[in-house]
Amino acid sequence: MIGWLDAVWASTHLVQIVEGGEAAGPLPGRAVLAELGEPPALGALRALTTTGRFTGDICRCHGHTTVVLRGTAGEALASASLHAYGSVSWERSRFRNDLEVDDAAGLHLLLAAQGVRGQVQQFLSPLMDLLRRHETDRRPQFRPAGKAGRRYLAERRVPVELHATLGRLTGQQAGELAEPQIRDLRRLLAAATPSPAERAAALLSWLGRLTVPAEAYWGEGALVRQLLADIAAPDIAAAAAAVRTGPVAMGVVNLLMTTGEDPVLAAAVAPTLRRLFPPPPA
């Protein structure tokens, strides 16, 4: 298979990233998400999609995006479907041997830089592992109210101005607050932190410290997303670019998992993701 990959890449003059995976129908009918034709870009993508460990098996999903190699006349030479984080399946029906690439972060960040959406969301699972954001038996799905709950508020770096209100509620109740109560919390935050970008940084950090999935998506996470909805997108992107920490990066990914990818926000968090997941040693 390595010899085959070397041969098709040696004949490649253009790479297209097209919509959909194995079950998305014929390649000619698919939307083109990005094209790479310059030698440096082709070389980078080649290295990122052919260097790694073959698993001897295939992913059970159909993949979400397809890489198409084209020759000088535009003919399709080969294709690979992209699956989970860093998983590439070259001509799956033929080889049935997925590749776990050495630099998964580099692959997804390169595609994101080319305008391919959905790439930053691929970092959810590795960030959960890195930052230990999984739900466990020792951590409740939703934090409790009262004195025990206040310890969670401090651990999650929840702005202190909100402790009096949120300390009386469980995490689940916090995610179910009505709009008038949310407006009151917004006013408290704005009074304590007038800068929208600084408020966004605090909220992203809070969102990134929540366990996944219940608290991040249905508990306090639902409240944080509503508080962020009052902040302009450029200020959120500025916060993601300025505060390069794991919790802020996790907060961005959690936000994009529910709102859909924003290319500006994806670009803002990319340097942090590259720092957290550096290239493998040469």
Student: So which heavy atom on Leu36 is nearest to which on Ala41, and how close?
Tutor: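 In this case the closest contact between Leu36 and Ala41 is CD2-CB, 3.8 Å.
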
Student: Could you tell me whether His62 atom NE2 has more than 12 heavy atoms of other residues or ligands within 6.0 Å of it?
Tutor: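 No, not enclosed.
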
Student: Applying side-chain contact (heavy atoms from CB on, under 4.5 Å) to Asn254 and Val224, what does each step give before you reach the verdict?
Tutor: CA-CA 11 Å; Asn254 280 338; Val224 175; over 6 Å; no

Student: Could you check if a side-chain atom of Ile17 sits within less than 4.5 angstrom of a side-chain atom of Val67, using non-hydrogen atoms only?
Tutor: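 Sidechains of Val67 and Ile17: in contact.
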
Student: Same cluster for Leu111 and Leu14 if Ile/Leu/Val/Met/Phe/Trp/Tyr side chains link at under 4.5 Å?
Tutor: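 No, separate clusters.
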
Student: Taking Val248's backbone N and O only, do any of them form a donor-acceptor pair with Ser205's side chain (distance below 3.5 Å, no angle check)?
Tutor: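 It does not hold such a pair.
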
Student: Do you know which two heavy atoms are closest between Gly175 and Gln226, and how far apart they sit?
Tutor: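 Where Gly175 meets Gln226 most closely, the heavy atoms are O-NE2, 4.4 Å.
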
Student: Just so I know, are the side chains of Glu135 and Gln141 near enough to count as touching, which here means a heavy-atom distance under 4.5 Å?
Tutor: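 With C-beta onward as the side chain, the pair touches.
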
Student: For Arg275, does the CZ atom have more than 12 heavy-atom neighbours from other residues, nucleotides or ligands under 6.0 Å away?
Tutor: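 For Arg275, atom CZ is crowded (more than 12 foreign heavy atoms under 6.0 Å).
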
Student: Check this for me: Glu75, atom CD, are more than 12 non-hydrogen atoms of other residues, nucleotides or ligands nearer than 6.0 Å?
Tutor: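 Yes, CD of Glu75 has more than 12 neighbouring heavy atoms, counting only those of other groups under 6.0 Å.
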
Student: A side-chain contact here means heavy atoms from C-beta on lying under 4.5 Å apart; do Tyr217 and Met257 qualify?
Tutor: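 Side chain of Tyr217 against side chain of Met257, heavy atoms only: contact under 4.5 Å found.
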
Student: CZ/Phe142 to CD/Gln173 distance, rounded to the nearest 0.5 angstrom?
Tutor: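 Here the rounded value is 11.0 Å.
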
Student: So Leu256 and Val269, side-chain contact (heavy atoms from CB on, under 4.5 Å) or not? Walk me through it.
Tutor: CA-CA 11 Å; Leu256 294 177; Val269 77; 5.7 Å; no

Student: Looking at side-chain heavy atoms only, is the closest gap between Ser125 and Tyr85 below 4.5 Å?
Tutor: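 In short, these two side chains do not touch, never coming nearer than 4.5 Å.
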
Student: Parallel, tilted or perpendicular for Trp90 and Trp4, by the 30°/60° rule?
Tutor: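 Geometry flag for Trp4 against Trp90: perpendicular rings.
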
Student: To the nearest 0.5 Å, what is the distance between CG on Leu188 and OG1 on Thr165?
Tutor: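 With rounding to 0.5 Å, CG (Leu188) is 6.0 Å from OG1 (Thr165).
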
Student: Has Arg199 got a side-chain atom pairing as donor or acceptor with Pro194's backbone, closer than 3.5 angstrom?
Tutor: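 Pair found, side chain donor or acceptor close to backbone of Pro194.
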
Student: Working to the nearest 0.5 angstrom, can you tell me the gap between Leu82 CG and Thr65 OG1?
Tutor: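 Going from the CG atom of Leu82 to the OG1 atom of Thr65 covers 5.5 Å.
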
Student: Among His13, Gln16, Glu35, exactly one meets side chain to side chain contact (heavy atoms under 4.5 Å, CB included) together with Arg70. Which residue is that?
Tutor: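 That would be Gln16.
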
Student: Answer yes if Ile58 and Val88 sit in the same cluster of Ile, Leu, Val, Met, Phe, Trp and Tyr residues linked by side chain heavy atoms under 4.5 Å apart, and no otherwise.
Tutor: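 Different hydrophobic clusters.
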
Student: Between Leu255 and Leu207, which heavy-atom pair has the shortest distance, and what is it?
Tutor: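 For Leu255 and Leu207, the tightest heavy-atom pair comes out as N-CD2, 3.9 Å.
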
Student: Is the shortest side-chain heavy-atom distance between Pro159 and Leu189 below 4.5 Å?
Tutor: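 Touching, per the 4.5 Å side-chain cut-off.
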
Student: Given the rule that I, L, V, M, F, W and Y join up when any side-chain heavy atoms are under 4.5 Å apart, are Trp206 and Leu127 in one cluster?
Tutor: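 In one cluster with Trp206: Leu127, yes.
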
Student: Using distance alone, with no hydrogens and no angle criterion, decide if Ser81 and His83 have a side-chain donor and acceptor under 3.5 Å apart.
Tutor: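 Judged by distance alone, the side chains do pair up.
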
Student: Hey, which of Arg156, Arg143, Arg133 is the one that makes salt bridge (charged side-chain N to carboxylate O under 4.0 Å, His left out) with Glu215?
Tutor: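 By the salt bridge (charged side-chain N to carboxylate O under 4.0 Å, His left out) criterion, Glu215 pairs with just one of Arg156, Arg143, Arg133: Arg156.
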
Student: Starting at OG of Ser195, measure out to CG of Asp235 and round the result to the nearest 0.5 Å.
Tutor: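 Ser195 OG to Asp235 CG: 7.0 Å, rounded to 0.5 Å.
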
Student: Any chance you could measure Leu33, atom CG, to Gln119, atom CD, to the nearest 0.5 Å?
Tutor: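 Between Leu33 CG and Gln119 CD, I get 9.0 Å after rounding to 0.5 Å.
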
Student: Mind listing the closest non-hydrogen atom pair of Ala237 and Leu265 along with its distance?
Tutor: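 Shortest heavy-atom contact: CA-CD1, 3.8 Å.
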
Student: Just do the side-chain contact (heavy atoms from CB on, under 4.5 Å) check on Trp9 and Thr49 with the steps written out, would you?
Tutor: CA-CA 11 Å; Trp9 271 102; Thr49 58; 3.6 Å; yes

Student: Which is it for His108 and Val120 under the side-chain contact (heavy atoms from CB on, under 4.5 Å) test, yes or no, and what are the steps along the way?
Tutor: CA-CA 7 Å; His108 293 294; Val120 168; over 6 Å; no

Student: Is any side-chain heavy atom of Arg209 less than 4.5 Å from a side-chain heavy atom of Met250?
Tutor: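 The answer is no; the side chains never approach within 4.5 Å.
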
Student: Can Leu48 be reached from Val18 by stepping across I, L, V, M, F, W or Y side chains whose heavy atoms are under 4.5 Å apart?
Tutor: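 Cluster IDs for Val18 and Leu48 differ.
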
Student: Should Leu227 and Ile182 count as side-chain neighbours, where that means a heavy-atom distance under 4.5 Å?
Tutor: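 Counting from C-beta outward, Leu227 and Ile182 do come under 4.5 Å.
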
Student: Do the rings of Phe277 and Phe123 sit parallel, tilted or perpendicular, given the 30° and 60° boundaries?
Tutor: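 Tilted: the ring planes of Phe277 and Phe123 meet at 30° to 60°.
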
Student: What's the shortest heavy-atom distance between Val243 and Ala201, and which atoms?
Tutor: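 Shortest heavy-atom contact: CG2-CB, 3.8 Å.
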
Student: Grab the two heavy atoms, one from Asp98 and one from Cys59, that are nearest each other, plus how far apart they are.
Tutor: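 Shortest heavy-atom separation between Asp98 and Cys59 comes out as OD2-N, 2.6 Å.
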
Student: If the threshold is 4.0 Å, N to carboxylate O, is there a salt bridge linking Glu19 and Arg30?
Tutor: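 Here Glu19 does not pair with Arg30 in a salt bridge, since their nearest N and O are not under 4.0 Å apart.
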
Student: Mind checking what makes side chain to side chain donor-acceptor pair (under 3.5 Å) contact with Arg132, not counting sequence neighbours?
Tutor: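 Partners of Arg132 under the side chain to side chain donor-acceptor pair (under 3.5 Å) test: none.
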
Student: Hey, could you give me the CG/CG distance between Leu228 and Leu223, rounded to the nearest 0.5 Å?
Tutor: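 Here the interatomic distance stands at 9.5 Å.
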
Student: Is there a continuous path of hydrophobic side-chain contacts, each under 4.5 Å between heavy atoms, that joins Val253 to Val116?
Tutor: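 They do not share one cluster, since no chain of ILVMFWY contacts under 4.5 Å joins Val253 to Val116.
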
Student: Do Asn97 and Glu91 touch side chain to side chain, with heavy atoms closer than 4.5 Å?
Tutor: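 Sidechains of Glu91 and Asn97: no contact.
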
Student: So does Arg187 have more than 12 non-hydrogen atoms from other groups sitting under 6.0 Å from CZ?
Tutor: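 Enclosed: over 12 neighbouring heavy atoms sit under 6.0 Å from CZ of Arg187.
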
